[in-house]
Amino acid sequence: MSKRDFYEILGVAKGAADDEIKKAYRKLAMKFHPDRVSTLPDAEKKKSEEKFKELQEAYAVLSDPQKKQMYDQFGHAGVGGNSASGGQGGGFSGGGGFEDIFDAFGDIFGGGGRRGGQQRHDAPMRGGDLECTVEISLEESAFGCEKEVKFPRTEKCSSCNGKGAKNPQDVTSCTTCNGAGQVRYAQGFFSVQQPCPDCHGRGKTVKNPCNVCRGNGLVRENRKVKVTIPAGIDNGSTLRLTGEGEAGLNNGPNGDLFVHVAVKQHKVFTRKGKDLHCEVPINFITATLGGEVSVPTIDGKKVSLKVPEGTQTNQILRVREKGIKALRGITNGDLYCHIFVETPVKLTESQKNVLRQFADDSGGSDSHNPKSKSFFDTLKGLFTGE
């Protein structure tokens, strides 16, 4: 069976930069790490472990400039074919520290780790970050609020305090890797370190595992956290809650929780930056003669809007400082009122006669309808060629 392309395994383009390769490996390695999938069904756990081994092999080659060059030029043949598959000869022995999965395979060709030496397998490792979304109203985004979010995360088992066994004497050093957490497979000139298949890189085995976490030391729990939403926050903003992410390994710190804010659509207002926009219907008498109308504001109150004489549909009138205060601003934005002139309906005969009288008094003059005059003058020019 032919081996998959190393770049494809890491999900990066061929010739990707070292930083991109390292970032891709970190993300995938955390996802398929044996300690992260130990609570899954056996079939899924086995698949994850295979993917993890595949990731390590790919990263071992692409993170080393010399091997990367050989791989880019000759493919798998340039780096020894199935060098990480166990293969022939050599067997395995305890290796350096497994806890730093980002520097795994550091001891290749008999050399030291990528950081100049072996790492302790039980060194603390930071937990992964989590994400969730909280939905709020426009009013809540304007004035701030407190929301509760619920999300699942990996936590230290409270029954065994994360040790994997209630009795500390039941936790012993792994005899396969001698507590190193890694084993070294050798084939010809190649020597590749991998997680110990028996202890999954932890360096320890549990005789009588905790009946809650099954010896893993971690459990999956649903957590509730209160999030303070600051006034002025906009749709699509992200809040960071330090230490509310996945539990760390070997007493390492928790990751962080990133809360994405989604602001629900409002029935009246539309937000643009710190300004608010709304449509205000007025009758044609007010539009013609001018006057004042009452318009709502985001704080639930109303403000008087002065409508000038001869106001037209789609004309925009501004009410200063009735918008939203920006997240890091001092003053509020403005409220922009988009005018919509309503045509009266269900008129009485008497009312219709009044309008007919107005039309007769106008004498067909276009001076009362400047936009109509401009429109028909333009049409006249189009059809007459003027």
Can you see whether [X] engages [Y] through a side-chain donor-acceptor pair at a distance of less than 3.5 angstrom?
X: N353; Y: Q357; result: no
X: Q315; Y: H338; result: no
X: H277; Y: T270; result: no

If I take atom [atom1] from residue [X] and atom [atom2] from residue [Y], how far apart are they, to the nearest 0.5 angstrom?
X: S304; Y: K302; atom1: OG; atom2: NZ; result: 11.5 Å
X: E246; Y: T154; atom1: CD; atom2: OG1; result: 3.5 Å
X: K322; Y: F269; atom1: NZ; atom2: CZ; result: 11.0 Å
X: F6; Y: E54; atom1: CZ; atom2: CD; result: 8.5 Å
X: N208; Y: C160; atom1: CG; atom2: SG; result: 12.5 Å
X: N332; Y: I324; atom1: CG; atom2: CD1; result: 8.5 Å

message = Using side-chain contact (heavy atoms from CB on, under 4.5 Å), reason through S159 and C213 one step at a time and then give a plain yes or no.
response = CA-CA 8 Å; S159 178; C213 65; over 6 Å; no

Residue pair [X] / [Y]: nearest heavy atoms and the distance that separates them:
X: L10; Y: A58; answer: CG-CB, 4.2 Å
X: R220; Y: P152; answer: NH2-O, 3.8 Å
X: E155; Y: A247; answer: CA-CB, 3.8 Å
X: I21; Y: A16; answer: CD1-O, 3.5 Å
X: N254; Y: G245; answer: ND2-O, 3.5 Å
X: A231; Y: A142; answer: CB-O, 3.5 Å

Single-linkage hydrophobic cluster V263~L335, side-chain heavy atoms < 4.5 angstrom
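Linked within one cluster.
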
Do any N or O atoms from the side chain of [X] and from the backbone of [Y] form a donor-acceptor pair under 3.5 angstrom?
X: T286; Y: G290; value: no
X: D275; Y: G333; value: no
X: Q351; Y: T348; value: yes
X: T311; Y: V307; value: no
X: T313; Y: V341; value: yes
X: Q312; Y: G310; value: yes
X: E50; Y: K47; value: no
X: D334; Y: E321; value: yes
X: D256; Y: R240; value: no

Just do the side-chain contact (heavy atoms from CB on, under 4.5 Å) check on F340 and I282 with the steps written out, would you? CA-CA 6 Å; F340 178 81; I282 63 174; over 6 Å; no

What verdict does the side-chain contact (heavy atoms from CB on, under 4.5 Å) test give for L62 and Y7, after you've listed the backbone C-alpha separation in whole Å, the side-chain angles of each residue and the deciding distance to 0.1 Å? CA-CA 8 Å; L62 299 184; Y7 289 104; 3.8 Å; yes

May I ask you to test the [X]-[Y] pair for a side-chain heavy-atom distance under 4.5 Å?
X: H266; Y: E139; answer: yes
X: P308; Y: L317; answer: yes
X: N161; Y: K156; answer: yes
X: P230; Y: L239; answer: yes
X: L305; Y: V319; answer: yes
X: V149; Y: L241; answer: no
X: R271; Y: D234; answer: yes
X: V259; Y: E131; answer: no

Side-chain heavy atoms under 4.5 Å apart, restricted to Ile/Leu/Val/Met/Phe/Trp/Tyr: what other residues fall into the cluster of V171, or is it alone?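 Its cluster partners, ordered by chain and number, are V206.
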
message = side-chain contact (heavy atoms from CB on, under 4.5 Å), that's the test. Do I229 and V134 meet it? Break it down for me.
response = CA-CA 10 Å; I229 308 295; V134 61; 4.2 Å; yes

Identify, with sequence neighbours excluded, every residue that meets salt bridge (charged side-chain N to carboxylate O under 4.0 Å, His left out) alongside [X].
X: D170; value: none
X: R356; value: E349
X: E8; value: R4
X: E244; value: R153, R223

Stepwise, does the side-chain hydrogen bond (donor to acceptor under 3.5 Å, both in side chains) test hold for H260 with T238? CA-CA 4 Å; H260 304 294; T238 299; 2.9 Å; yes

Ring centres under 6.0 angstrom apart (Y59, Y25):
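For Y59 and Y25, the ring centres are under 6.0 Å apart.
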
Sorted by chain and number, sequence neighbours left out, side-chain hydrogen bond (donor to acceptor under 3.5 Å, both in side chains) with Q265 holds for none

